[in-house]
Amino acid sequence: MNELMAYYRCAIMEVETKFNVLNEEFSLEYDRNPIETIKTRLKSTESIIKKLVRRNFPLTVDSIEANLNDIAGVRVVCSFLEDIYLLADCLLQQDDVKLIQVKDYIKNPKPNGYRSLHLIIEIPIFLKDERKDMRVEVQLRTIAMDFWASLDHKLSYKKDIPEEEAKLLRQELLECAQISADLDVRMGEIKNRIVNKENT
Ligand code: 0O2
């Protein structure tokens with residue numbers, strides 16, 4: 001288990017570096033950074049066990065590698081919507097990156113209003129005398145989507161809110177998701193108008 005977790009940590013480092021390289025290149029070429037922040041996390045043993053049990057998978061180390069795609073997580077937060085797809089394309093073009101699954105919760109938001117682009121990718125890590133292909137879940141979202149998701153996360157972990165109140169809060173959050181989606185579009189349009197003015 002310790003070995004497997006170390007491999008996932010290496011995979012996280014590889015993916016984080018790829019995004020840092022892209023950010024650096026964009027900064028040189030266009031004089032702006034598409035990435036605001038990169039957050040990484042390794043799923044805790046407790047969450048791994050819960051997920052295996054929930055999905056009726058065997059509780060073994062091999063089963064973790066075979067059945068779970070989100071042990072290694074990299075979350076990339078961008079200012080603008082278009083940067084999400086630009087970065088995703090740049091990542092997926094790289095010849096050591098294999099796309100396993102795309103979940104586009106921006107084009108198809110979850111019923112609660114959650115939006116983000118999720119990619120499950122496989123990338124190699126090179127050990128002393130072996131190459132291992134590791135799966136990593138990459139979540140790309142805007143600052144507004146991240147802001148929304150962290151509040152939603154807070155609500156879903158608060159178990160002591162009366163159901164009636166929780167229902168109202170979920171409804172409010174759904175409305176805020178729409179407002180923040182509109183804001184993302186408008187901010188992108190303003191940015192493009194500014195860029196176009198600079199270029200004329
Ligand atoms: P944490 O703490 O972020 O790790 P799959 O993994 O594909 O078999 P799953 O788990 O439904 O199935 O995957 P999905 O839908 O791609 O979502 C996985 C992750 O996306 C979650 O991880 C969250 O990080 C985020 N996410 C998805 N839906 C929501 C949502 O409605 N609200 C918020 N705030 N985040 C969401 P974990 O493992 O749940 O948590």
Side-chain angles (χ1 to χ4, degrees), residues 1 4-5 7-13 15-16 19 35-78 81 84-85 87-88 91-92 97-123 133-161 163 165-181 183-184:
M1 181 72 173
L4 183 63
M5 291 300 122
Y7 297 158
Y8 280 118
R9 273 197 298 276
C10 296
I12 286 175
M13 286 191 272
V15 175
E16 192 176 8
F19 281 112
I35 299 175
E36 281 298 320
T37 47
I38 303 177
K39 301 171 198 172
T40 64
R41 74 105 181 84
L42 196 66
K43 212 174 186 67
S44 68
T45 308
E46 195 193 337
S47 304
I48 292 173
I49 294 170
K50 273 192 192 156
K51 193 159 187 176
L52 287 175
V53 170
R54 205 166 57 238
R55 308 223 163 153
N56 281 322
F57 289 128
L59 290 178
T60 64
V61 173
D62 285 347
S63 164
I64 295 173
E65 210 177 348
N67 297 314
L68 301 187
N69 292 329
D70 64 342
I71 306 299
V74 175
R75 184 173 290 157
V76 180
V77 179
C78 305
L81 207 50
I84 291 176
Y85 292 100
L87 287 166
L91 177 75
L92 297 175
V97 175
K98 184 174 162 197
L99 177 65
I100 305 293
Q101 188 187 45
V102 182
K103 285 190 195 169
D104 192 339
Y105 295 124
I106 299 174
K107 294 210 166 81
N108 303 298
K110 285 196 164 184
N112 64 353
Y114 176 78
R115 294 181 307 134
S116 282
L117 177 64
H118 291 193
L119 309 173
I120 304 294
I121 58 165
E122 210 167 69
I123 54 138
D133 292 316
M134 306 300 299
R135 290 191 174 190
V136 177
E137 182 189 66
V138 178
Q139 297 182 350
L140 295 121
R141 48 172 77 154
T142 61
I143 298 170
M145 293 173 196
D146 194 48
F147 184 33
W148 184 94
S150 56
L151 200 53
D152 174 70
H153 191 258
K154 238 180 218 136
L155 177 62
S156 61
Y157 277 85
K158 270 263 177 234
K159 297 293 173 216
D160 51 354
I161 302 178
E163 183 44 37
E165 173 69 358
K167 202 173 151 194
L168 284 174
L169 291 174
R170 281 197 292 270
Q171 185 53 40
E172 280 240 31
L173 269 172
L174 183 57
E175 284 168 30
C176 287
Q178 192 51 57
I179 294 168
S180 104
L183 184 68
D184 271 339

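Order of listing sets the numbers, starting from 1, for every ligand and every atom in it. Being a predicted model, the structure only gives us computed values, none of them experimental.
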(message) Please check this pair: side chain of S63 against backbone of L59, looking for a donor-acceptor N/O pair closer than 3.5 Å.
(response) no
For a distance cut-off of 3.5 Å, show me each N or O of ligand 1 paired with any protein N or O, plus the separation.
residue	atom	partner	partner atom	Å
ligand 1	4 (O)	R41	NE	3.0
ligand 1	4 (O)	R41	NH2	2.7
ligand 1	6 (O)	K51	NZ	2.8
ligand 1	7 (O)	K103	NZ	2.7
ligand 1	8 (O)	R55	NH1	2.4
ligand 1	10 (O)	K51	NZ	3.1
ligand 1	12 (O)	R55	NH2	3.4
ligand 1	13 (O)	K103	NZ	3.3
ligand 1	15 (O)	Y105	OH	2.7
ligand 1	15 (O)	K110	NZ	3.4
ligand 1	16 (O)	K103	NZ	3.3
ligand 1	16 (O)	H118	ND1	2.8
ligand 1	20 (O)	Q139	NE2	3.1
ligand 1	24 (O)	R75	NH2	3.4
ligand 1	24 (O)	Q139	NE2	3.2
ligand 1	28 (N)	K110	NZ	2.9
ligand 1	31 (O)	N112	ND2	2.7
ligand 1	32 (N)	D152	OD2	2.6
ligand 1	34 (N)	A149	O	3.0
ligand 1	34 (N)	D152	OD2	3.1
ligand 1	38 (O)	K43	NZ	2.9

(request) State, to 0.1 Å, how close L140 and A88 come at their nearest heavy-atom pair, and which atoms those are. (result) CD1-CB, 4.2 Å
(message) Using the salt bridge (Lys or Arg N to Asp or Glu O under 4.0 Å) criterion, which residues pair with E163? Sequence neighbours excluded.
(response) R170
(request) Apply side-chain hydrogen bond (donor to acceptor under 3.5 Å, both in side chains) to Y85 and list each qualifying residue two or more places apart in sequence or on a separate chain. (result) D104
(message) Which residues pass the ring-ring contact (aromatic ring centres under 6.0 Å, His included) test with F19, not counting sequence neighbours?
(response) none
(message) For W148, is there any backbone N or O sitting under 3.5 Å from a side-chain donor or acceptor partner on D152?
(response) no
